[in-house]
Amino acid sequence: MPIELIHLRKLLKILYSEPNQRTSLLRADIREEIARESGESGGGGDFYAPFWSDAKNHAFSRLDLHTATENRIGGNPRRARLYPFLRDGFLEWWNNNRRWTNEPFQEVDAPHARHSFNGMGTIKVENMLAVLDAGDERHFIYPYFSETPILTDEAARVGLWFIGQALTQQPLMEIRILDVMRGRTYSIDQSPLQGDEEDILTRRYSAALNDWQHLRTEY
């Protein structure tokens, strides 16, 4: 089932949604699987990928995010509502960081992984913004795009813990999760791990898998 191979950000969205929204997300996931099984293309690509590509290029002065967002909306009007919120949230966060230095940030290789979790599924940690600042410190930014649910401190802790398990070669102090729409980052110094993150993820992921399997019988 698709939920057994899933991006971390999508999984966090499902696991922390209110019950009605979670059911809707699981049903959409089931319909995508049915479409793939019948040879259809399914979901039509990642809605957020073009925005994130532009945001990363903006960070390294390869384009202007305001102009790029307008162009993306012109190419697909479905982006008209959410892309401006994503743009404004990203720029609020990015510009606040830029205030501390006039030196350009350098792009470095972004780590990525597909990591199996307790036999339940494989969770993908991919497409991070990876920068080297003027102080030769590296920062790896994992994006969370969703309008709802807002990323909670617990969800961020669980996400940070999992990234640490998946990217064992990266110091966890270098990792951030960015709630793009809110322009807010989470790190282990702001949201310290409490030791229960694996148990929380196990419980919530297991419940979602059980719900998926139950809903699948209706199709």
Side-chain angles (χ1 to χ4, degrees), residues 3 6-19 21-22 48 52 55-56 59 85-86 89-101 105 108-209:
I3 197 174
I6 190 169
H7 285 287
L8 176 61
R9 55 181 153 267
K10 182 178 178 180
L11 182 61
L12 291 175
K13 176 176 181 173
I14 291 172
L15 299 189
Y16 283 90
S17 289
E18 294 296 326
Q21 184 187 15
R22 182 168 63 248
Y48 300 102
W52 190 237
K56 291 193 292 183
F85 290 119
L86 292 165
F90 178 84
L91 289 176
E92 179 182 1
W93 166 73
W94 182 252
N95 291 337
N96 281 337
N97 281 276
R98 290 292 297 153
R99 286 187 308 162
W100 302 107
T101 178
F105 288 97
V108 294
D109 290 337
H112 56 88
R114 297 187 174 193
H115 186 68
S116 178
F117 178 69
N118 289 354
M120 296 181 184
T122 298
I123 305 173
K124 296 184 283 187
V125 178
E126 299 174 349
N127 206 6
M128 302 176 86
L129 169 62
V131 303
L132 180 71
D133 68 20
D136 288 329
E137 294 184 355
R138 298 183 302 171
H139 308 275
F140 300 103
I141 314 301
Y142 183 79
Y144 175 83
F145 298 114
S146 299
E147 183 177 21
T148 59
I150 294 173
L151 196 66
T152 64
D153 186 72
E154 180 185 293
R157 285 195 294 110
V158 169
L160 288 166
W161 174 83
F162 183 81
I163 292 172
Q165 300 299 303
L167 304 178
T168 56
Q169 302 303 311
Q170 304 302 137
L172 197 50
M173 286 296 297
E174 296 178 347
I175 304 295
R176 303 287 186 273
I177 296 179
L178 172 63
D179 185 341
V180 179
M181 284 201 180
R182 267 62 63 171
R184 178 179 177 184
T185 53
Y186 295 82
S187 60
I188 59 168
D189 59 338
Q190 299 164 323
S191 302
L193 302 186
Q194 298 182 13
D196 59 353
E197 289 80 17
E198 182 175 7
D199 291 340
I200 293 171
L201 183 54
T202 298
R203 172 171 49 82
R204 287 182 176 269
Y205 198 0
S206 178
L209 288 167

Quick one: CZ on F90 to CG on N95, what's the gap to the nearest 0.5 Å? 8.5 Å
For I177, run the side chain to side chain contact (heavy atoms under 4.5 Å, CB included) check against T185, V158, L151 and tell me which one passes. L151
Side chains of E137 and L132, heavy atoms from C-beta outward: is any pair under 4.5 Å? no
Find out whether Y144 and L8 are in side-chain contact, i.e. whether some heavy atom of one side chain is under 4.5 Å from a heavy atom of the other. no
Measuring from E147:CD to K13:NZ, what's the distance to the nearest 0.5 Å? 8.5 Å
Separation of R204 CZ from R22 CZ (nearest 0.5 Å): 7.5 Å
Is it the case that the side chain of E197 and the backbone of G195 share a donor-acceptor pair, with hydrogens and angles ignored and the cut-off at 3.5 Å? yes
Under a 4.5 Å cut-off applied to non-hydrogen side-chain atoms, are S146 and R9 in contact? no
Keeping W52 on the side-chain end and N127 on the backbone end, is there a donor-acceptor pair under 3.5 Å? yes
To the nearest 0.5 angstrom, please state how far the CD1 atom of I141 sits from the CH2 atom of W93. 4.5 Å
Taking all heavy atoms of V125 and all of A166, pick out the closest pair and write down the distance. CG2-CB, 4.1 Å
Side chain of Q21, backbone of T148: donor and acceptor closer than 3.5 Å? yes
Quick check: do D133 and H139 have side-chain heavy atoms less than 4.5 Å from each other? yes
Between E92 and R182, is there a side-chain N and carboxylate O pair less than 4.0 Å apart? no
Fit a plane to each ring of F117 and Y205, take the angle between them on a 0 to 90° scale, and name the class: parallel (under 30°), tilted (30 to 60°) or perpendicular (over 60°). parallel
Shortest non-hydrogen contact from D189 to M173? CB-CE, 4.4 Å
pair L178-L129: side-chain heavy atoms closer than 4.5 Å: no
Can you name the closest pair of heavy atoms from S17 and P149 and give their distance? OG-CD, 3.4 Å
Distance-only, no hydrogens or angles: does the N118 side chain make a donor-acceptor pair with backbone N or O of M120 under 3.5 Å? no
Other residues, nucleotides and ligands only: do more than 12 of their heavy atoms fall within 6.0 Å of CD on E18? no
To the nearest 0.5 Å, atom CH2 of W161 lies from atom CD1 of I200 at 10.5 Å
With a 4.5 Å limit on heavy-atom distance, are the side chains of Q170 and R138 in contact? yes
Could you tell me the separation between the CZ atom of F145 and the CG atom of L86, rounded to the nearest 0.5 Å? 7.0 Å
Counting C-beta onward and ignoring hydrogens, is there a side-chain heavy-atom pair between E126 and H7 closer than 4.5 Å? yes
Between A59 and W94, what is the shortest heavy-atom contact and its length? O-CZ2, 3.4 Å
Indicate the atoms forming the closest heavy-atom contact of A208 with I3, along with that distance. CB-CD1, 4.1 Å
Indicate the atoms forming the closest heavy-atom contact of R157 with L193, along with that distance. O-CD2, 3.6 Å
